[in-house]
Amino acid sequence: MAKWTPKHEAPEPLEGPVVATITGGTIVWFVLFLVQLPFYGWFDEHGHTWWVWTCLAGGGLGLIGVWYVRRRDAAIKRARAEEAGAEAGRASTSHTD
């Protein structure tokens, strides 16, 4: 079997409203947890309590995700600002020469 080699370069990753997406997903997990909570007895009788705890775990992991993507977004913006500052510094020194 031949080793697979890519025939073209991978596309750039899509950047979108990552913080809003992760926040929305986290809210959905917590809402699902809260909706299922009144029916905990039914879930327990039928052996499906893991559904409730999965929603809680999804919400908890979502909070970690929100923290992570907010820091990532801030770091990207900081890097772009530093890059723009460096570009402006180079442009101003080239005009004075």
Side-chain angles (χ1 to χ4, degrees):
M1 187 176 228
K3 183 178 178 181
W4 181 82
T5 56
K7 295 183 173 131
H8 59 304
E9 292 199 24
E12 290 292 320
L14 296 175
E15 290 294 331
V18 180
V19 176
T21 303
I22 301 301
T23 302
T26 302
I27 290 169
V28 168
W29 279 114
F30 278 124
V31 167
L32 288 171
F33 171 72
L34 292 174
V35 166
Q36 292 178 357
L37 206 52
F39 305 103
Y40 187 83
W42 184 88
F43 286 113
D44 192 32
E45 290 172 8
H46 293 86
H48 295 303
T49 55
W50 65 272
W51 289 7
V52 177
W53 301 121
T54 299
C55 292
L56 183 62
L61 290 171
L63 291 176
I64 295 169
V66 169
W67 172 79
Y68 177 81
V69 296
R70 288 185 71 199
R71 287 189 50 142
R72 177 183 176 271
D73 194 40
I76 290 171
K77 287 178 182 175
R78 219 176 16 256
R80 285 183 183 157
E82 289 173 3
E83 186 178 295
E87 291 274 330
R90 282 191 295 241
S92 67
T93 57
S94 65
H95 290 305
T96 58
D97 289 340

### Query
With sequence neighbours left out, which residue pairs that include part of residues 14-29 fulfil the side-chain hydrogen bond (donor to acceptor under 3.5 Å, both in side chains) condition?
Glu15-Arg72
### Task
Quick one: list whatever passes salt bridge (charged side-chain N to carboxylate O under 4.0 Å, His left out) with Lys7, sequence neighbours left out.
none
### Message
Test of understanding: with side-chain contact (heavy atoms from CB on, under 4.5 Å), list the residues that count as partners of Arg80, not counting sequence neighbours.
### Response
Ile76
Give the table of side-chain donor-acceptor pairs shorter than 3.5 Å for residues 30-56, with sequence neighbours excluded, one pair per line with atom names and distance.
unit_1	atom_1	unit_2	atom_2	d
Gln36	OE1	Val52	N	3.4
Trp42	NE1	His46	ND1	3.3
His46	ND1	Trp42	O	2.9
Thr54	OG1	Trp50	O	2.6

### Query
Who passes side-chain hydrogen bond (donor to acceptor under 3.5 Å, both in side chains) against Glu83, sequence neighbours left out?
none
### Task
Share the residues that join Tyr68 in a hydrophobic cluster, the rule being Ile, Leu, Val, Met, Phe, Trp or Tyr side chains under 4.5 Å apart at the heavy-atom level.
Val18, Val19, Ile22, Val66, Trp67, Val69
### Query
If you group Ile, Leu, Val, Met, Phe, Trp and Tyr whenever their side-chain heavy atoms sit less than 4.5 Å apart, what else falls in with Leu61?
Ile64
### Task
Not counting sequence neighbours, which residues clear side-chain hydrogen bond (donor to acceptor under 3.5 Å, both in side chains) with Arg70? List them please.
none
